**Student:** 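Shown below is the structure under consideration.
Predicted model, so just to flag it, every value in this text is computed and none were measured. In what follows, chains are A, B, ... by sequence order, proteins preceding strands, each numbered from 1.
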Amino acid sequence: MPRYDSQKIEAKWQRIWRERRSFAVSEPAAQPKYYVLEMFPYPSGKLHVGHVRNYTMGDLVARYRRAQGYNVLHPMGWDAFGLPAENAAMAEHTHPARWTEDNIRTMRAQLQRMGFAYDWAREIATCHPDYYRHEQKMFLDFLAAGLAYRKESWVNWDPVENTVLANEQVIDGRGWRSGAIVEKRLLSQWFLRITAFAEELLDAIGGLERWPERVRLMQENWIGRSEGARVNFDIAGRDEKVEVFTTRQDTLYGASFLALSPNHPLALRLAERDPGLAAFIAECNRLGTSEAVIEAAEKRGYNTGLEAVHPFDASRKVPVYVANFVLMEYGTGAIFGCPAHDQRDLEFARKYRLPVIPVVLPPGADPARFAIGETAYVEDGTLYHSDFLDRLSVAEAKRAAAARIEALGRGERTVAYRLRDWGVSRQRYWGCPIPVIHCQECGIVPVPEADLPVRLPEDVNFAEPGNPLDHHPTWKHVRCPRCGGAALRETDTFDTFFESSWYFLRFCSPRATQAFTREAVQYWMPVDQYIGGVEHAVLHLLYSRFFTRALKACGYLDFDEPFAGLFTQGMVCHQTYRSEDGDWLYPDEVAADLAGGLVDRTGRPVAVGRLEKMSKSKKNVVGLETIVDTYGADTARLYLLSDSPPERDLEWTAAGIEGIWRYVNRIWRMVDEPPLPLPPPGAPLPAALPPEVVAVRRAIHKAIAAVTDDLDKFRFNRAVARIRELTHALEELPAAANGAGPVLREGLERLAQLLGPMMPHLAEEMWERLGHEGLVADQPWPEADPDLARDEQVTIAVQVNGKLRATLELPRDLGRDAVESAALALPQVMRWLDGRAPKKVVVVPNRVVNLVA
RNA sequence: GCGGGCGUGGCGGAAUUGGUAGACGCACUGGAUUUAGGUUCCAGCGAUGCAGAUCGUGGGGGUUCAAGUCCCUCCGCCCGCACCA
């Protein structure tokens with residue numbers, strides 16, 4: 001039996017699409033626009049099957065919307081700056097640019113072999129000066145608008161690599177690559193003022209209707225809005241104030257201490273004359289900021305000896321501590337402690353024997369006997385021991401206390417956010433240079449626009465540790481653009497999230513001399529359907545939302561939200577294997593022995609590990625080449641779309657891909673050697689068809705309706721199941737019946753169209769074999785005939801006392817009485833009713849009839 | 001700790017949103033074709049039972065003519081955030 005020659009056929013259609021420029025788009029067009037985008041990849045080397053799931057989904061959406069008549073923008077590019085290129089440069093003695101270009105070439109070819117309908121004329125790579133020059137300009141505009149600034153801040157510092165690490169790059173307190181214990185270090189860094197948009201970013205989440213609930217919640221939590229008050233405490237005997245932030249101003253009468261962050265300005269000043277405090281602060285700073293370190297660290301404080309005066313009652317004074325758990329970055333870097341109503345404050349108070357004063361009485365509790373034990377009371381209740389707040393609820397007391405604070409001029413209501421400004425400086429070579437110059441005389445001087453781009457030097461040395469830009473012999477030495485004196489370039493580069501925060505705009509006019517043209521962005525944006533991994537829920541997706549607003553503030557564009565619809569796809573997983581020595585093995589290094597056990601190439605037993613996300617480190621990857629060479633791109637694509645719902649993880653198995661391959665060949669046989677002669681294209685259907693042929697036509701139109709609905713709702717696995725049902729129906733078409741040929745033609749044509757977004761090469765080949773001239777990709781999406789898509793006969797479940805006893809085949813929309821009498825006439829029903837008349841009859845039209853005896 | 005999600009055959013999953021539980025597929029079993037394997041075709045495939053039938057969607061309880069779906073409660077797994085004042 002001839003097999004489907006995927007290699008030949010796929011290459012043929014890829015060539016035809018390319019020659020016809022089938023997927024090139026321009027704006028404006030008469031049709032409505034649709035922008036589909038998959039999160040662009042980092043060119044890390046080679047793609048494996050795990051990488052292409054979201055591209056397959058994006059391509060499905062692009063081709064489907066195109067068939068529906070939209071002018072579809074579906075671009076692809078490369079998020080090309082990043083640390084792995086530098087690591088490779090060091091390990092393999094190559095240049096990051098070269099390594100990156102090589103990977104891009106490989107991965108581009110891989111994507112092209114998958115047959116994705118990208119407009120390759122719009123391809124971009126963020127490491128090219130033609131791309132990054134625009135973000136240097138944006139940065140200068142942000143700087144002028146006060147949205148970028150430089151400040152000293154505490155960062156994770158890797159003492160071996162000599163660079164700042166992001167929080168994500170610190171694992172168990174150690175650098176992810178060097179394994180060195182990460183230090184806190186105070187460094188001057190560039191920041192983007194994302195907090196200026198905190199409120200707006202939070203409020204607008206409500207309007208992101210086509211975003212997953214999960215992602216919206218994660219962003220909400222990340223921004224972390226808290227309403228409260230800033231309150232000033234006077235320091236007794238000094239002309240000094242400490243401002244604290246609190247959300248529990250209602251519990252001020254329960255205050256028993258103040259705590260300052262180790263990096264609070266007052267703490268630092270006190271430390272100058274208090275060696276004990278200085279030592280305590282130094283120790284706090286030695287500890288990293290990672291989760292594990294924080295978890296292990298006990299709550300510790302240092303009593304400064306100062307006393308703070310209660311804002312409502314000058315006769316009350318509380319001690320002032322410096323405490324390791326108070327964050328300088330949140331609120332004001334100082335808190336007041338109310339141990340009775342905050343668990344952390346309670347633990348601190350118990351340790352340092354500070355008073356625990358309950359001021360909120362739980363409902364029904366006896367004020368004379370209520371006491372705090374091991375657990376702080378954080379629920380609602382009635383205020384007591386609190387002067388003017390007595391007898392108020394927590395909410396009322398918050399309002400009253402805030403009003404009093406404001407009336408006394410001791411503070412004000414305020415809102416605090418968890419969100420911090422985005423530190424964008426990295427001590428790295430393979431990134432976009434930050435376009436500023438440091439001049440002894442003039443301070444920080446922006447690089448004049450005429451001098452952009454600030455290009456990376458090509459002759460760099462990775463042998464020395466640290467930032468190659470910094471120890472490059474000449475690059476950083478420049479003249480100050482303002483005074484002309486000797487000055488130094490900024491040698492930090494941008495965080496690579498900078499590039500990905502606006503690439504979707506560049507795709508709209510990728511060859512424009514400016515970052516993007518207003519017209520193109522006006523036409524294409526926002527992205528109608530964005531597809532990517534949930535791991536970017538708060539990073540890239542939040543940064544991009546911020547960037548869009550920042551660009552709007554600088555006059556670049558006129559909208560706020562970049563992504564109207566977001567879909568987060570699940571990962572592709574695969575079994576892991578380990579050799580006797582504990583080394584990971586690739587799936588193709590593992591074979592079954594005669595007894596059915598698994599062995600490696602030397603015949604030694606192999607341990608089967610957990611099902612895990614495909615990753616190079618665990619070697620549980622299946623190369624894209626292997627699969628495409630053996631089965632073709634379409635088979636891989638259909639596998640990635642079938643079985644698992646797109647948002648859930650998918651397990652890749654050899655048996656699964658074999659199953660899809662069998663199905664591909666089954667479809668292929670139907671067009672290669674049709675079981676009955678097909679009339680020429682466009683031949684009309686006979687007027688009168690026998691019922692069994694009409695049934696097949698119904699199956700065709702039901703499939704069209706169901707698949708269309710499923711694709712609209714991102715239920716790709718179900719759409720595949722519907723298409724397989726259609727395949728069955730066509731196979732069962734009675735060959736001898738009148739009209740069988742024309743109906744088979746109709747069925748195969750629709751099948752080709754429905755498969756088009758999923759298996760585009762097979763679909764084109766089918767279309768051609770069916771005698772059509774043009775491309776199936778250029779055909780409009782089929783429409784279901786509503787009369788055929790709806791059944792004329794329906795199966796009605798007949799229940800007696802809620803249990804299924806029989807089914808009835810009846811005409812659709814038959815009257816209640818007729819359904820009831822048909823049910824009552826059934827012998828099984830008569831038996832179960834045992835001659836009695838039902839007490840109650842429930843008829844659900846076209847579904848069920850329930851007879852209650 | 002806080003927030004969210006999930007739990008259906010041996011497995012991935014479906015169930016018109018309260019109306020025939022298990023679509024579609026994987027694996028498996030039997031048969032046909034084949035020298036054989038593979039492919040292909042036919043049949044079977046939740047559990048118990050010879051059968052009529054009974055039970056069955058993590059456990060328990062409830063609402064309803066009717067519950068995988070709604071409510072309460074417990075159990076288990078997964079993800080995110082986490083000294084945030």
**Student:** What interatomic distance, in whole Å, is found between C1' of B:C11 and the corresponding atom of B:G4?
**Tutor:** 27 Å
**Student:** Taking B:U8 as the reference, what is the distance to B:G68 when you measure between their C1' atoms (whole Å, please)?
**Tutor:** 7 Å
**Student:** Using distance alone, with no hydrogens and no angle criterion, decide if A:Ser226 and A:Tyr417 have a side-chain donor and acceptor under 3.5 Å apart.
**Tutor:** no
**Student:** Would one find a side-chain N or O of A:Lys613 under 4.0 angstrom from OP1 or OP2 of B:C79?
**Tutor:** no
**Student:** Does any donor atom in the side chain of A:Glu243 or A:Thr332 lie under 3.5 Å from an acceptor atom in the other side chain?
**Tutor:** no
**Student:** Would you check if the side chain of A:Thr247 reaches a backbone N or O of A:Gly228 as a donor-acceptor pair within less than 3.5 Å?
**Tutor:** no
**Student:** In a table with atom names and distances, give each donor-acceptor pair under 3.5 Å that connects a side chain of residues 840-853 of chain A to protein atoms at least two apart or in another chain.
**Tutor:**
residue: A:Asn846; atom: OD1; partner: A:Asp813; partner atom: N; Å: 2.8
residue: A:Asn846; atom: ND2; partner: A:Asp813; partner atom: OD1; Å: 2.8
residue: A:Asn850; atom: OD1; partner: A:Gly802; partner atom: N; Å: 3.0

**Student:** Assess whether side-chain contact (heavy atoms from CB on, under 4.5 Å) is satisfied between A:Leu726 and A:Leu754, documenting all intermediate values.
**Tutor:** CA-CA 10 Å; A:Leu726 172 60; A:Leu754 297 180; 4.2 Å; yes
**Student:** Looking at residues at least two apart in the chain, or sitting in another chain, which of them share a side chain to side chain contact (heavy atoms under 4.5 Å, CB included) with A:Pro265?
**Tutor:** A:Met328
**Student:** With the side chain of A:Leu217 defined as its heavy atoms from C-beta on, choose the nearest nucleotide among B:A23, B:U20, B:G4.
**Tutor:** B:G4
**Student:** What integer distance in Å separates A:Ile723:CD1 from B:G25:C1'?
**Tutor:** 14 Å
**Student:** Using atom types as modelled and distance alone, determine if a side-chain donor or acceptor of A:His341 lies under 3.5 Å from a backbone N or O of A:Tyr377.
**Tutor:** yes
**Student:** If I pick the C1' atom on B:C28 and the same atom on B:G10, what distance separates them, to the nearest angstrom?
**Tutor:** 9 Å
**Student:** Any cation-pi pair here, A:Arg805 with A:Trp832, using under 6.0 Å and within 45°?
**Tutor:** yes
**Student:** For a quick test of reading the model: is some side-chain N or O of A:Arg805 closer than 4.0 Å to OP1 or OP2 of B:U54?
**Tutor:** yes
**Student:** Could you tell me whether the phosphate oxygens of B:A15, OP1 or OP2, come under 4.0 Å of any side-chain nitrogen or oxygen in A:Arg715?
**Tutor:** yes
**Student:** Using atom CZ of A:Arg214 as one end and atom P of B:C78 as the other, report the distance to the nearest whole Å.
**Tutor:** 15 Å
**Student:** What's the separation between atom CZ in A:Arg225 and atom CD1 in A:Ile223, rounded to the nearest 0.5 Å?
**Tutor:** 11.0 Å
**Student:** Do A:Tyr321 and A:Phe348 have ring centroids that are under 6.0 Å from one another?
**Tutor:** yes
**Student:** To the nearest Å, how far apart are A:Glu535 CD and B:C81 P?
**Tutor:** 12 Å
**Student:** Distance between the P atoms of B:C78 and B:G13, in whole angstroms?
**Tutor:** 16 Å
**Student:** Would you say the side chain of A:Arg420 and the base of B:C84 hold a donor-acceptor pair, judged only by whether the two atoms sit under 3.5 Å apart?
**Tutor:** yes
**Student:** Which is more 5' along RNA chain B, the nucleotide nearest A:Asn221 or the one nearest A:Glu732? Just name the residue.
**Tutor:** A:Asn221
**Student:** What string of B, S and - do you get for nucleotides 64-69 of chain B 5' to 3' if you count protein non-hydrogen atoms under 4.0 Å?
**Tutor:** -BS---
**Student:** Taking only the side-chain nitrogens and oxygens of A:Asn717, find out if one of them lies under 4.0 Å from OP1 or OP2 of B:A14.
**Tutor:** yes
**Student:** Rounding to an integer number of angstrom, what distance separates B:G46 and B:G37 when you compare their C1' atoms?
**Tutor:** 33 Å
**Student:** May I ask you to check whether A:Phe567 and A:Phe714 place their ring centers less than 6.0 Å from one another?
**Tutor:** yes
**Student:** Measuring from the side chain of A:Trp222 (C-beta onward, heavy atoms only), which nucleotide among B:A82, B:G25, B:G4 has the closest atom?
**Tutor:** B:A82
**Student:** Any idea which of B:C41, B:C83, B:U20 is nearest the A:Lys299 side chain?
**Tutor:** B:C83
**Student:** Glycosidic conformation of B:G9, syn or anti, with 90° from 0 as the boundary?
**Tutor:** syn
**Student:** Students often get this wrong, so: under 4.0 angstrom with heavy atoms, is A:Arg718 touching a base, only sugar-phosphate, or nothing?
**Tutor:** sugar-phosphate
**Student:** If we take the C1' atom in both B:C71 and B:U64, what is their distance in whole Å?
**Tutor:** 12 Å
**Student:** Classify the nucleic acid contact of A:Ser642 as base, sugar-phosphate or nothing, counting any heavy atom under 4.0 Å across all strands shown.
**Tutor:** nothing
**Student:** Among A:Val720, A:Asp643, A:Thr635, A:Asp634, find the one that has a side-chain contact (heavy atoms from CB on, under 4.5 Å) with A:Ile660.
**Tutor:** A:Thr635
**Student:** Can you pull out the residues from residues 327-347 of chain A that lie within a 4.0 Å heavy-atom distance of RNA chain B?
**Tutor:** A:Leu327, A:Tyr330, A:Ile335, A:Arg344
**Student:** Quick check on A:Arg418: does its CZ atom have over 12 non-hydrogen neighbours (other residues, nucleotides or ligands) under 6.0 Å away?
**Tutor:** yes
**Student:** In whole Å, what is the span from the CE atom of A:Met571 to the C1' atom of B:G5?
**Tutor:** 14 Å
**Student:** Would you call A:Arg300-A:Glu283 a salt bridge at under 4.0 Å N-O?
**Tutor:** yes
**Student:** Establish, from distance only, whether the side-chain atoms of A:Asp421 and A:Thr195 form a donor-acceptor pair under 3.5 Å.
**Tutor:** yes
**Student:** OP1, OP2 of B:A82 versus side-chain N and O of A:Arg418: anything below 4.0 Å?
**Tutor:** yes
**Student:** Hey, does A:Lys839 reach any base, or is it just sugar-phosphate, or nothing, if we go heavy atoms under 4.0 Å?
**Tutor:** nothing
**Student:** When the distance from CG of A:Leu804 to P of B:A53 is rounded to whole Å, what number comes out?
**Tutor:** 11 Å
**Student:** Between residues 646-663 of chain A and RNA chain B, which residues have a heavy-atom gap below 4.0 Å?
**Tutor:** A:Arg648, A:Ala655, A:Gly659, A:Arg662
**Student:** Can you tell whether the side chains of A:Glu792 and A:Arg698 come within less than 4.0 Å, N to carboxylate O?
**Tutor:** yes
**Student:** Mind checking the P distance from B:C50 to B:U40? Whole angstroms is fine.
**Tutor:** 36 Å
**Student:** Let me know the distance between CG of A:Leu419 and P of B:A82, rounded to the nearest Å.
**Tutor:** 12 Å
**Student:** Taking the cut-offs as 6.0 angstrom to the six-membered ring centre and 45 degrees off its axis, would you call A:Arg344 and A:Phe325 a cation-pi pair?
**Tutor:** no
**Student:** Can you check the A:Glu227 CD to B:C84 C1' distance for me, whole Å?
**Tutor:** 15 Å
**Student:** Fill in the dot-bracket string of RNA chain B, one character per base: . for unpaired, | for a pair to another strand, ( ) or [ ] for pairs within the strand, taking Watson-Crick or G-U pairs under 3.5 Å.
**Tutor:** (((((((..(((......[....))).(((((.......))))).(((....)))..(((((..]....))))))))))))....
**Student:** Given the structure, check if the side chain of A:Arg666 and the base of B:U40 hold any donor-acceptor pair shorter than 3.5 Å.
**Tutor:** no
**Student:** In whole Å, what is the span from the CG atom of A:Asp643 to the C1' atom of B:A27?
**Tutor:** 12 Å
**Student:** Glycosidic conformation of B:U17, syn or anti, with 90° from 0 as the boundary?
**Tutor:** syn
**Student:** Look at all strands and tell whether A:Val326 reaches a base, only sugar-phosphate, or nothing, counting heavy atoms closer than 4.0 Å.
**Tutor:** base
**Student:** Can you tell me how far C1' in B:G9 sits from the matching atom in B:G60, rounded to whole Å?
**Tutor:** 23 Å
**Student:** Which residue, A:Trp832 or A:Tyr417, contacts RNA chain B at a nucleotide closer to its 5' end, judged by nearest heavy atom?
**Tutor:** A:Trp832
**Student:** Closer than 4.0 Å, any side-chain N/O of A:His264 to the OP1 or OP2 of B:A85?
**Tutor:** no
**Student:** Whether the A:Arg545 and A:Gln219 side chains hold a donor-acceptor pair (N or O, under 3.5 Å, no angle test) is what I'd like checked.
**Tutor:** yes
